[in-house]
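When reading the values below, keep in mind they use all heavy atoms of this one structure, side chains included, and skip hydrogens, waters and symmetry mates. Bear in mind the structure is a predicted one, so any value in this text is a computation, not a measurement.
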Amino acid sequence: MSEFDIACVPPRAIKGQVVADLLAAFPGEDTTTLHEDVPSEFPEILVIKEETWILYFDGSATPRNDNGGAGVVLVSPSGEVFSHSFKLDFHCTNNSAEYEAFLLGVSLAKQAGAAHLDIRGDSKLLVNQMNGAYSLKEITLAPFRTEAQLILTHFADATIIHTGRTNNRHDDFLATLASKMQFEGA
């Protein structure tokens, strides 16, 4: 080796960035054989997504008898459907009936133990006010919105989306039924 003027020199430490640059330059295949080389050493990692409940709500006011009704349909992650109809025995407008239905539905979802909630309603006003797209102009709705914002804090996540009436028929029928019910002595 001396005739070629080659000298043996111990290698220097390799910096981490150099290794990362080398791996980036030669990406290789998308799969790794590490798991195959060391069987049963690394268990399969499963990502478990928390199950989402679906809530449909609708409110209906009947000016004729000065009260309203609320319809709530709660669908569990396993597909079980819980239908509820409530008579609102106080003076209410359509908007306040919608908020009341929303509050009743969210309260039921909370009692059922839902952590993730997908809320769907046909009230564009309520959905946009809750999502912050519309400001609150009707002062009589302020207590409803405040209560709704408070109860939503009990969920890990809750999304509120507007759905058309055709996708909200079940709870629409329940709300209309409840608003038209008459009780003797009332």
Side-chain angles (χ1 to χ4, degrees), residues 47-186:
V47 177
I48 300 173
K49 183 178 180 267
E50 297 241 0
E51 302 286 333
T52 301
W53 290 66
I54 301 173
L55 169 68
Y56 296 93
F57 71 93
D58 194 21
S60 173
T62 308
R64 177 173 46 91
N65 43 352
D66 206 30
N67 53 31
V72 174
V73 177
L74 189 59
V75 182
S76 75
S78 64
E80 259 184 294
V81 177
F82 303 96
S83 302
H84 300 278
S85 188
F86 300 92
K87 176 76 171 172
L88 304 178
D89 200 18
F90 58 90
H91 173 71
C92 57
T93 63
N94 270 330
N95 292 334
S96 61
E98 291 282 356
Y99 265 104
E100 193 66 35
F102 178 85
L103 289 169
L104 289 165
V106 174
S107 296
L108 288 172
K110 179 183 167 194
Q111 287 177 353
H116 302 277
L117 193 58
D118 186 6
I119 306 167
R120 300 173 185 178
D122 63 4
S123 172
K124 191 177 256 188
L125 177 80
L126 183 144
V127 170
N128 285 323
Q129 282 180 347
M130 291 301 298
N131 288 329
Y134 288 0
S135 62
L136 185 68
K137 293 181 181 174
E138 192 177 335
I139 196 69
T140 58
L141 297 178
F144 291 106
R145 189 179 72 171
T146 302
E147 182 66 27
Q149 289 170 332
L150 179 67
I151 199 166
L152 285 177
T153 62
H154 294 284
F155 297 94
D157 86 70
T159 57
I160 308 168
I161 58 174
H162 179 261
T163 184
R165 284 186 176 245
T166 56
N167 297 329
N168 222 27
R169 285 187 185 153
H170 189 156
D171 48 304
D172 183 43
F173 290 139
L174 292 170
T176 304
L177 172 70
S179 70
K180 296 189 186 287
M181 287 174 29
Q182 292 291 324
F183 296 105
E184 287 189 29

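Residues forming a side chain to side chain contact (heavy atoms under 4.5 Å, CB included) with V127 (at least two apart in sequence, or on another chain): N131, I160, H162. For P77, the side chain to side chain contact (heavy atoms under 4.5 Å, CB included) test picks out E51, W53, with sequence neighbours left out.
Among residues at least two apart or in separate chains, side chain to side chain donor-acceptor pair (under 3.5 Å) pairs with a member in residues 152-161 are H116-D157, D118-T159. Residue pairs meeting the side chain to side chain donor-acceptor pair (under 3.5 Å) criterion with at least one partner in residues 132-146, sequence neighbours excluded, are N95-E138, N128-Y134, E138-T140.
When all heavy atoms of A158 and I119 are compared, the closest pair comes out as CB-CD1, 4.3 Å. Considering all non-hydrogen atoms of both residues, D58 and E98 come closest at OD1-OE2, 2.8 Å. Across C92 and G68, no two heavy atoms sit closer than the pair SG-N, 3.5 Å. Closest approach of A61 and T93 over heavy atoms only: CB-C, 3.6 Å. F82 approaches S76 most closely through the heavy-atom pair CE1-CB, 4.2 Å.
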Would you be so kind as to tabulate the donor-acceptor pairs closer than 3.5 Å made by side chains of residues 99-113, with sequence neighbours excluded?
residue: Y99; atom: OH; partner: Q129; partner atom: OE1; Å: 2.6
residue: S107; atom: OG; partner: L103; partner atom: O; Å: 2.8

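Distance CG/L141 to CG/L126: 8.5 Å, rounded to 0.5 Å. T52 contributes atom OG1, which lies 12.0 Å from atom CZ of F155 (distance to the nearest 0.5 angstrom).
For the pair F90/N67, no side-chain contact is recorded, criterion being any heavy-atom separation below 4.5 Å from C-beta on. The side-chain heavy atoms of L152 and M130, taken from C-beta on, include a pair separated by under 4.5 Å.
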Self-check item: side chain to side chain contact (heavy atoms under 4.5 Å, CB included) between I54 and L74, worked out
Solution: CA-CA 6 Å; I54 301 173; L74 189 59; over 6 Å; no
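The number of heavy atoms from other shown groups lying within 6.0 Å of CD1 (I139) does not exceed 12.
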